[in-house]
Amino acid sequence: MQKKILDWFDLNKRCLPWRDQRTPYRVWISEIMLQQTRVETVIPYYQRWMTQFPDIRSLASADEQTVLKAWEGLGYYSRARSIYKTAGIILHEMNGVFPAERKTIEKLPGIGRYTAGAIASIAFGQPAAALDGNIRRVYSRIGDVALPARSTEGEKLLWRMAEDWLDRDRPGDYNEALMDLGALICTPLNPLCESCPVMSVCLAYRNQTVSQRPVLAAIKPIPHFMVTAAVIRRTGADPTAHYLLAQRPDKGLLANLWEFPGGKVEDGETLEECLRREIREELGAQAVIQAPFGKYKHAYTHFRVTLSAFLCELDREPQPLAAQAIQWVPVSALDQFPMGKIDRQIALRIQSL
DNA sequence: AAAACGTGGAG
DNA sequence: TCTCCAAGTTT
């Protein structure tokens with residue numbers, strides 16, 4: 001099976017930017033960017049990143065805000081903050097040398113079992129197994145695994161398969177081969193079994209259970225929240241327009257990113273009441289609402305929001321009561337502040353005025 | 001063990 | 001419009 005998969009890989013592997021010059025740094029950055037993220041999404045981010053931060057030293061000497069800005073739009077922003085932390089650790093505690101041992105790699109921030117195995121095998125040629133979404137699907141089908149793939153028992157079995165069946169001579173290529181096989185042939189929907197190099201050993205194919213493998217967990221209902229946000233224009237003699245941004249807490253959703261202040265609508269509250277309450281609580285000021293500034297729908301990982309924005313002014317200078325920091329920002333500088341998708345859309349609308 | 005954590009694309 | 005999910009990790 002390993003030979004069939006590697007022979008297929010040698011003929012069909014994808015040409016991807018991180019597959020040139022396999023330095024540990026390039027493999028590491030690509031692996032983090034690819035966590036839960038499509039290849040096509042990652043490619044332009046990866047190319048910009050390597051221009052902006054060509055090595056660990058340039059990354060470690062940047063500001064976290066600059067790093068988050070480079071990550072803006074990729075999502076799961078703790079990944080960017082972990083990368084930044086890891087760059088500092090490698091530079092200051094490891095003499096600037098990326099560790100080669102899987103166990104050591106796995107101790108670094110943002111690197112779990114999969115990523116440690118991928119880096120160890122791909123960048124260092126070590127016989128370390130990797131189990132990602134693609135490989136999990138491929139092995140669930142080859143072994144016709146009836147256990148839910150993400151259950152404790154299922155994970156145990158699948159990691160065991162990944163360890164036992166790893167090609168010891170070409171571990172990095174083998175792990176990548178399984179991922180390419182999962183991405184190109186053994187796809188979630190409509191897999192191309194007739195073109196698969198391991199069709200003859202695939203138990204799910206034999207048992208006609210391919211479409212039922214892997215066994216997925218039940219999906220939970222996703223709540224939907226109504227939220228408001230204030231686009232606050234600074235009043236006063238200054239002829240240049242400035243708008244107020246607040247920096248989110250350093251933990252949780254969109255940590256350390258900037259946003260237009262606001263919050264969830266509570267029961268029995270109108271949108272305007274919600275906004276005035278939030279501004280009072282977060283900024284210690286009275287909001288004078290002037291006009292609606294658009295509705296924005298957005299789906300996060302585990303909830304959805306409909307955000308109603310309003311153009312406002314304040315009756316006094318705001319205080320950072322809830323945010324880490326607040327800042328009056330000229331329209332031309334809104335670009336430089338890392339934001340999540342929905343706040344970026346609001347910022348773009350301001351810039352189009 | 002289960003929940004939190006983003007976004008964009010396909011069907 | 002809506003669902004599902006795509007190279008997982010952390011708490």
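For clarity, every value in this text was computed on a predicted model and none was experimentally measured. By convention in this document, chain letters (A, B, ...) are assigned in the order of the sequence lines, proteins followed by strands, and residues within each chain are numbered from 1.
As judged by a 4.0 angstrom heavy-atom cut-off over every strand, S30(A) is placed among residues making no nucleic acid contact. Within the nucleic acid shown, L16(A) comes within 4.0 Å of at least one base atom, counting heavy atoms only. Contact annotation for T301(A): base contact, defined as any heavy-atom pair under 4.0 Å involving a base atom. Within the 4.0 angstrom heavy-atom criterion, base atoms lie near W18(A). Across all strands, V42(A) comes closer than 4.0 Å to no nucleic acid atom at all (heavy-atom distances). Looking at heavy-atom distances under 4.0 Å, G182(A) makes no contact with the nucleic acid at all. Using a 4.0 Å heavy-atom cutoff across all strands shown, A299(A) reaches at least one base atom of the nucleic acid. Within the nucleic acid shown, R137(A) comes within 4.0 Å of sugar-phosphate atoms alone, with no base atom in reach, counting heavy atoms only. The residue L74(A) sits close to a base: some heavy atom pair falls under 4.0 Å. No engagement by I135(A) is indicated, since no non-hydrogen atom pair under 4.0 Å with the nucleic acid exists.
Counting only N and O atoms by type, the side chains of Q324(A) and N256(A) include a donor and acceptor under 3.5 Å apart. Counting only N and O atoms by type, the side chains of T115(A) and Q35(A) include a donor and acceptor under 3.5 Å apart.
An OP1 or OP2 oxygen of dT3(C) is reached within less than 4.0 angstrom by a side-chain nitrogen or oxygen of R304(A). A sub-4.0 Å separation between OP1 or OP2 of dA6(C) and a side-chain N or O of Y76(A) is absent. Distances shown here put a side-chain N or O of T152(A) below 4.0 Å from the OP1 or OP2 atom of dA1(B). Here H298(A) reaches the OP1 or OP2 of dT7(B): one of its side-chain N or O atoms lies under 4.0 Å away. An OP1 or OP2 oxygen of dG8(C) is reached within less than 4.0 angstrom by no side-chain nitrogen or oxygen of Q35(A).
Whole-Å rounding puts the F303(A) CZ to dG6(B) P distance at 9 Å. Whole-Å rounding puts the R81(A) CZ to dC5(B) C1' distance at 11 Å. Taking atom CD1 of I32(A) as the reference point, atom P of dT9(C) lies 7 Å away to the nearest angstrom. L34(A) places its CG atom 11 Å from the C1' atom of dG8(C), with the value rounded to the nearest Å. When the C1' atom of dC5(C) is taken as reference, atom CG of N190(A) falls 14 Å away, rounded to whole Å.
When atom types are taken as modelled, the side chain of R248(A) and the backbone of E259(A) share no donor-acceptor pair closer than 3.5 angstrom.
Checking dG8(C), dC5(B), dA6(C) against every side-chain atom of H302(A), the shortest atom distance belongs to dC5(B). Residue D132(A) places its side chain closer to dG8(C) than to any other of dG11(B), dT7(B), dG8(C).
Remark: the separation of the P atoms in dG6(B) and dT11(C) is 13 Å, to the nearest Å.
Checked for salt-bridge contact, E269(A) and R277(A) meet the test: a charged N lies under 4.0 Å from a carboxylate O. In this structure, R113(A) does not pair ionically with E155(A), as no charged nitrogen and carboxylate oxygen lie closer than 4.0 Å. Residues K85(A) and E64(A) are not paired through a salt bridge, judged by the lack of any N-O separation under 4.0 Å between the basic side chain and the carboxylate.
A heavy atom closer than 4.0 Å to some atom of DNA chain B occurs in G252(A), L253(A), L254(A), these being the qualifying members of residues 247-264 of chain A.
The residue among Y77(A) and E40(A) whose nearest nucleotide of DNA chain B lies closer to the 5′ end is Y77(A).
In terms of polar N and O atoms assigned as donor or acceptor, the side chain of T37(A) comes within less than 3.5 Å of the base of dG6(B) in a complementary pairing.
When each of Y45(A), Y84(A), W49(A) is tested with W71(A) by the rule ring-ring contact (aromatic ring centres under 6.0 Å, His included), just one qualifies, namely W49(A).
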Exercise for review: Take R14(A) and D180(A) through the salt bridge (charged side-chain N to carboxylate O under 4.0 Å, His left out) test and state the conclusion after the steps.
Suggested key: CA-CA 7 Å; R14(A) 291 175 288 178; D180(A) 278 18; 2.7 Å; yes

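Ring centroids of Y300(A) and H302(A) are separated by 6.0 Å or more, keeping the two rings apart.
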